[in-house]
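Values below: every heavy atom of this structure, side chains too, minus hydrogens, waters and symmetry copies. Just so we're clear, the structure is a prediction, and the values are computed from it rather than from any experiment.
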Amino acid sequence: MKAEHFDRPIERNIAMELVRVTEAAAMSAARYLGRGDKNLVDEAAVTAMRYTLGYVRMDGVVVIGEGEKDHAPMLYIGEHIGDGSDLKVDIAVDPVDGTNLVARGLPGAISVVALSARGTMHCPREFVYMNKIATGPEAIDVIIINATVAENLKNIAAAKKKRISEVTVVVLDKPRHEQLLSDIRSAGARIKLISDGDVEASIEAALPEREVDVLMGIGGTPEGVLSAAAIRCIGGGIQCKAWPLDNNERERAIAAGVDVDKVYKTEDLIGSDDVFFAATGISSGELLKGVRYYGGGANTQSLEMRGRSGTIRWIESRHNFERLDKLSFFELH
């Protein structure tokens, strides 16, 4: 069945409404910072996000969520969400990007929601992981995922008017990246390692004049689509290519008619400028401050973006728990 496409432009800045969603998820998850239980972290964030999304004026379909319906009671793929209004959209959610970070009390965890016009958000679900390269507007035309690491770094450095020794690459600190790290070092670039959370890292790489210049390496496929939503708003670029876990995953994809060598660019993953993105910090990182408590409330920092206008906003919010408790059935503190 052909995906329904919502042709009328989304006139209102729905990203401001999505910030309320990520704030609720972030505050609910932050209660369990450092307590060693990632299931509690995830459950709290999912419950808060699902409840708050239900009040957004839209008819949303979850394209990226917590998994299939049989295994995810809320925010499952294909779930209709919102108040049923006429605005038809695709939704991608990651209630906690960096669940392990929160459970272990480490920095850099965020809560994320992206939204685009119906039928324009595409996730190649045949693969758990994809190889990725992401950078900002200056180098969007020079990155080639099939090129060598040295070639990409040389071209990125030239586009950004830097020496290669001044270029910083952010990479997930995983055993699978041993050769990648060796290649980056051989090329002479700097490396920033992160343990989890490559959505935040992709955004950092795409924003101008930040600490990192490019993200490289293998990460989750859904995270690649969420990153593409933010990057489309920023004006940067991401390229992804399937990284099959094993021959069985590869053969299943080929049998389903999938081109395992296809390069997915930003516009392949998010096919419209009618895209909105929101994120709230859970534990403080390079991109966003985490939830900070005070007597009777908390402060949060969020980021919201709109693709059509290219507007990016950082939002500082102060939340009064006594009043919020009267409005919510879930606990924020």
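No side-chain donor-acceptor contact under 3.5 Å links His80 to the backbone of Asp59. Judged by distance alone, the side chain of Thr221 and the main-chain N or O of Arg125 form no donor-acceptor pair under 3.5 Å. Looking only at distances, no side-chain donor or acceptor of Lys88 sits under 3.5 Å from a matching main-chain atom of Gly119. The backbone N or O of Asn152 lies less than 3.5 Å from no partner atom in the side chain of Asn155, so there is not a single donor-acceptor pair. A donor-acceptor contact shorter than 3.5 Å links the side chain of Ser272 to the backbone of Asp274.
Residues passing the side chain to side chain contact (heavy atoms under 4.5 Å, CB included) test with Asp246 are Asn248, Glu249, sequence neighbours excluded. Residues satisfying the side chain to side chain contact (heavy atoms under 4.5 Å, CB included) test with Gln301, not counting sequence neighbours, are Leu288, Lys289, Arg292, Trp314, Glu316. Under the side chain to side chain contact (heavy atoms under 4.5 Å, CB included) criterion, Asn247 pairs with no residue at all, not counting sequence neighbours. Applying the side chain to side chain contact (heavy atoms under 4.5 Å, CB included) rule to Ser165 yields the partners Arg163; only residues at least two apart in sequence or on another chain are considered. Annotation: side chain to side chain donor-acceptor pair (under 3.5 Å) contacts of Asp183 (sequence neighbours excluded): Gln179.
When all heavy atoms of Asp90 and Ala117 are compared, the pair lying nearest together is OD2-O, 3.7 Å. Of all the heavy atoms in Ala103 and Val41, the pair that sits closest is N-CG2, 4.3 Å. Nearest approach of Ala15 to Glu304, heavy atoms of both residues: CB-OE1, 3.2 Å. Nearest heavy atoms, Met130 versus Ala242: CE-N, 3.9 Å. Across all non-hydrogen atoms, the minimal contact from Gly219 to Asp198 is CA-OD2, 3.7 Å.
A cation-pi contact links Arg318 to Tyr294, judged by a cut-off of 6.0 Å to the six-membered ring centre and 45° from its axis.
Taking CD1 of Ile312 as the reference point, atom CD1 of Ile234 lies at 5.0 Å (rounded to 0.5 Å). Taken from CZ in Arg20 to OH in Tyr55, the straight-line distance is 9.5 Å, to the nearest 0.5 Å. Between the CD atom of Glu126 and the CG atom of Asp259 there is a distance of 11.0 Å, given to the nearest 0.5 Å.
The environment of NZ in Lys174 is crowded: more than 12 heavy-atom neighbours from other residues, nucleotides or ligands sit within 6.0 Å. Open room surrounds OH on Tyr129; 12 or fewer heavy atoms of other groups in view lie less than 6.0 Å from it.
At least one side-chain heavy atom of Met58 sits less than 4.5 Å from a side-chain heavy atom of Ile81. Between Val89 and Ile91, the closest side-chain pair of non-hydrogen atoms falls below 4.5 Å. Contact check for His122 versus Val225: no side-chain heavy atoms found under the 4.5 Å cut-off. Tyr76 is not listed as a side-chain neighbour of Val62, based on a closest heavy-atom distance of 4.5 Å or more.
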>> Applying side-chain contact (heavy atoms from CB on, under 4.5 Å) to Cys240 and Leu269, what does each step give before you reach the verdict?
In response: CA-CA 9 Å; Cys240 306; Leu269 301 172; 4.1 Å; yes
> Between Arg50 and Glu79, is a salt bridge (charged side-chain N to carboxylate O under 4.0 Å, His left out) present by the stated rule, with each step listed?
Replying inline: CA-CA 11 Å; Arg50 176 62 182 85; Glu79 180 179 8; 2.7 Å; yes
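Residue Ile238 is found in a hydrophobic cluster whose other members, listed by chain and number, are Ile231; membership requires side-chain heavy atoms under 4.5 Å apart, directly or through intermediates. Taking Ile, Leu, Val, Met, Phe, Trp and Tyr as members and joining any whose side-chain heavy atoms lie under 4.5 Å apart, directly or through other members, the hydrophobic cluster of Ile191 also contains Ile133, Val142, Ile143, Ile145, Val149, Leu153, Ile156, Val167, Val169, Val171, Leu180, Leu181, Ile184, Leu193, Val214, Met216, Val263. Leu106 belongs to a hydrophobic cluster whose remaining members, ordered by chain and number, are Leu101; membership requires side-chain heavy atoms of ILVMFWY residues under 4.5 Å apart, directly or through intermediates. Applying the 4.5 Å side-chain rule to ILVMFWY residues, one finds Val19, Ile315 in the same cluster as Met16.
Among pairs with a residue in residues 35-44, none fulfils salt bridge (Lys or Arg N to Asp or Glu O under 4.0 Å), at least two apart in sequence or across chains. The side-chain hydrogen bond (donor to acceptor under 3.5 Å, both in side chains) contacts involving residues 201-219 comprise Lys160-Asp213, Lys162-Asp213, Lys192-Glu211, Ser202-Ser227, Glu204-Arg210, where partners must be two or more places apart or lie in separate chains. Applying the salt bridge (Lys or Arg N to Asp or Glu O under 4.0 Å) test to every pair with at least one member in residues 91-110, sequence neighbours left out, gives no pairs at all.
A salt bridge between Asp83 and Arg57 is absent, with no side-chain N of the basic residue lying under 4.0 Å from a carboxylate O of the acidic one.
Note on ring orientation: taking the six-membered ring where Trp is involved, the planes of Tyr293 and Phe321 are tilted (angle from 30° to 60°).
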